[in-house]
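The analysis underlying the following values was restricted to heavy atoms, covering all of them including side chains, and did not include hydrogens, waters or symmetry mates. Both counts, for ligands and for their atoms, begin at 1 and track the order of listing.
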Amino acid sequence: MGEFVVRGRRRLKGTVRVNGAKNAALPIMAATVLATRPVILHDVPDLRDIRVMSQVLRSLGAEVERHGTDVFVDPRTIHNYVVPAELMQEMRASIFLLGPLLARLGSAEATQPGGCAIGQRPIDWHLYALKQLGARICDEEGRTLLRTDGLVGNDVHFPFPSVGATENVMMAAALAQGETRVRNAAMEPEIVDLAQFLEKLGATIRGAGTPDIRITGCQKLGATEHTVIGDRIEAATFVLAVAGAGGDVVVENCMVDHLPGLWSRLEGIGVQVEEIDAETVHIVSSGVFEPYPISISTAPYPGFATDLQPQFMSFLLQVPGVHLITERVFENRLGHAAELRRFGAQIVADQRVALIYGGHPLYGTVVSARDLRAGAALVNAALMAQGESVIRGREIIERGYEQLDQRLRSLGAEIRAR
Ligand code: UD1
């Protein structure tokens, strides 16, 4: 495994552009299976999960090519409905293929993804939703096989607004007969982006971005071109790096409205946030703050994003006061607290709740990334710490951040990959 080596306490200065969102691009790539003609996607980040999704699509029979940040998918030759087990293990987002494959070929087969560093992550709500549309499901030796003689729109009511399950059922419903109503749907911006893509293909979708989505299926979905939305989590990771380390940075392609709850908290703490336009934000921070206790609980959108919780925790280490973080989306997503303590951070945490005693100096150390966002939190902590830090598990962090070291270096950070 590679490492990032960081020498902290450098002010960050300059401009950084946020890439297209991985979590929007992945379901949209899966949704290309529904199209009858080629699709061109713009601003697709060049990340491992995206490359794995391309491989999965190719294994199903599609033609996939990348030119710069554009990805071209020709789904006309798709004939295979089995998601290869080794690719499923590499990337749990392969589960997004179940809905589209079932809708297009009448069959889909995949191994169940296992748990990961942040929780069990079952797929029962994905399967429930597809069953509601008429899938027959059987499990054989760890593989899940879905079949249908034709999907028919129906009511789907989720017990919790799962992002992935909402996306899966939207894709299947786009080729189902009649209307599907999804209640307690997830409202994340990535859901709205997927809905816009499906509409461009020819589906009729109302209510995306609310808890009540109605999808009217279509017999045939055409071709289209689509630009993926900016990655709100990547944007916020840069913003929090500047807020914590101190600096003066313009963040471009930052969808300001997609980060509710972040800006007011930063301003309360003493970070200057200037919204230049809907996609550009200017951050100025001294990195030194007066006491200001903060309490956040993660929640589905528009609540505080669980994918931002680790980076926010590391930023709070810089803010004097006793802070409270409650993780409500995943059952085991505070593992980074133990790694942050290696920097000298004072944090008490169990599986769901952490108390952070902020405002104490941090010192360079050696830490390991357990998962993608936890890894980003460790890089941000290293940028705030005195001396040199080594963050192991660079590849885990690079699953979500393309050329992170180069982009931070362009802002004046001392970071190198090895
Ligand atoms: C997506 C994001 C991930 C983010 C998460 C929550 C992608 C590729 N990943 O993951 O980065 O952290 O949303 O914002 O977009 N659950 C079940 N059964 C299911 C489905 C989910 O119990 O069938 C539970 C999960 O274990 C978790 C909660 O529901 O506790 C939320 O998960 P979900 O919204 O589905 O997350 P993902 O779509 O996997």
Practice problem: Answer yes or no: is there an ion pair linking Asp307 with Lys22, defined by an N-O contact shorter than 4.0 Å? | Solution: no
Exercise. Just jot down the ligand 1 atoms closer than 4.0 angstrom to any heavy atom of Gly164, in number order.
Key: 35 (O), 38 (O)
Practice problem: With heavy atoms of Thr306 as the reference, note each atom of ligand 1 found under 4.0 Å away. | Solution: 6 (C), 12 (O), 14 (O)
Quiz item: Does Asp212 come within less than 4.0 Å of Arg181, counting only side-chain N to carboxylate O?
Solution: yes
Quiz prompt | Residue portion contacting ligand 1 (non-hydrogen atoms closer than 4.0 Å) for Arg333 | solution = side chain
Quiz item: Do we see a donor-acceptor contact under 3.5 Å between the side chains of Thr280 and Glu252?
Solution: no
Practice problem: Would you name the heavy atoms of Met53 and Ala93 that are closest together and state the gap between them? | Solution: CE-O, 3.8 Å
Quiz item: Numbering the atoms of ligand 1 from 1, which are under 4.0 Å from a heavy atom of Ile123?
Solution: 23 (O)
Quiz item: Which residue supplies the protein heavy atom nearest to atom 34 (O) of ligand 1, what is that atom called, and how far is it?
Solution: Val163 N, 2.8 Å
Self-check item: atom 25 (C) of ligand 1 - nearest protein heavy atom and its distance
Solution: Phe330 CE2, 4.1 Å
Quiz prompt | Arg333-Thr306 side chain donor-acceptor pair, cut-off 3.5 Å | solution = yes
Quiz item: Heavy atom of Ala165 under 4.0 Å from ligand 1?
Solution: no
Quiz item: Of the protein's non-hydrogen atoms, which lies at the shortest distance from atom 16 (N) of ligand 1, and what is that distance?
Solution: Trp125 CZ3, 3.2 Å
Exercise. Using only heavy-atom distances, determine whether the side chains of Gln309 and Thr298 contain a donor-acceptor pair under 3.5 Å.
Key: no
Quiz item: To which protein heavy atom is atom 18 (N) of ligand 1 closest, and what is the distance rounded to 0.1 Å?
Solution: Asp124 OD1, 2.7 Å
Quiz item: Starting from atom 9 (N) of ligand 1, which protein heavy atom do you reach first, and at what distance in Å?
Solution: Asn23 ND2, 3.5 Å
Quiz item: Are Glu402 and Arg407 within salt-bridge range, i.e. N to O under 4.0 Å?
Solution: no
Practice problem: For the pair Arg342 and Glu339, find out whether any cationic side-chain nitrogen is under 4.0 Å from an anionic carboxylate oxygen. | Solution: yes
Exercise. Salt-bridge test for Arg66 and Asp46: reply yes if a basic N is under 4.0 Å from a carboxylate O, no otherwise.
Key: yes
Quiz item: If you measure from the Lys or Arg side-chain nitrogens to the Asp or Glu carboxylate oxygens, is any gap between Arg394 and Glu3 under 4.0 Å?
Solution: no
Practice problem: Using a 4.0 Å heavy-atom cut-off, say whether Phe160 meets ligand 1 through its side chain, its backbone, both or neither. | Solution: side chain
Quiz item: Counting each atom of ligand 1 from 1 as listed, which ones have a heavy atom of Arg121 under 4.0 Å away?
Solution: 10 (O), 26 (O), 37 (P), 39 (O)
Quiz item: Judged by non-hydrogen atoms, does His126 sit under 4.0 Å from ligand 1?
Solution: yes
Quiz item: Can you tell which of Ser162, Ala186, Pro159 gets a heavy atom nearest to atom 35 (O) of ligand 1?
Solution: Ser162
Quiz item: Which atoms from ligand 1 have a heavy atom of Val329 less than 4.0 Å away?
Solution: 27 (C), 28 (C), 30 (O), 31 (C)
Exercise. Would you kindly specify which portion of Asp307 sits under 4.0 Å from ligand 1, judged on non-hydrogen atoms: side chain, backbone, both or neither?
Key: side chain
Quiz prompt | Lys/Arg-Asp/Glu bridge criterion (N-O < 4.0 Å) met for Arg399, Glu395 | solution = no
Quiz item: Considering only the protein, which heavy-atom contact is closest to atom 19 (C) of ligand 1, and what is its distance?
Solution: Pro122 O, 3.1 Å
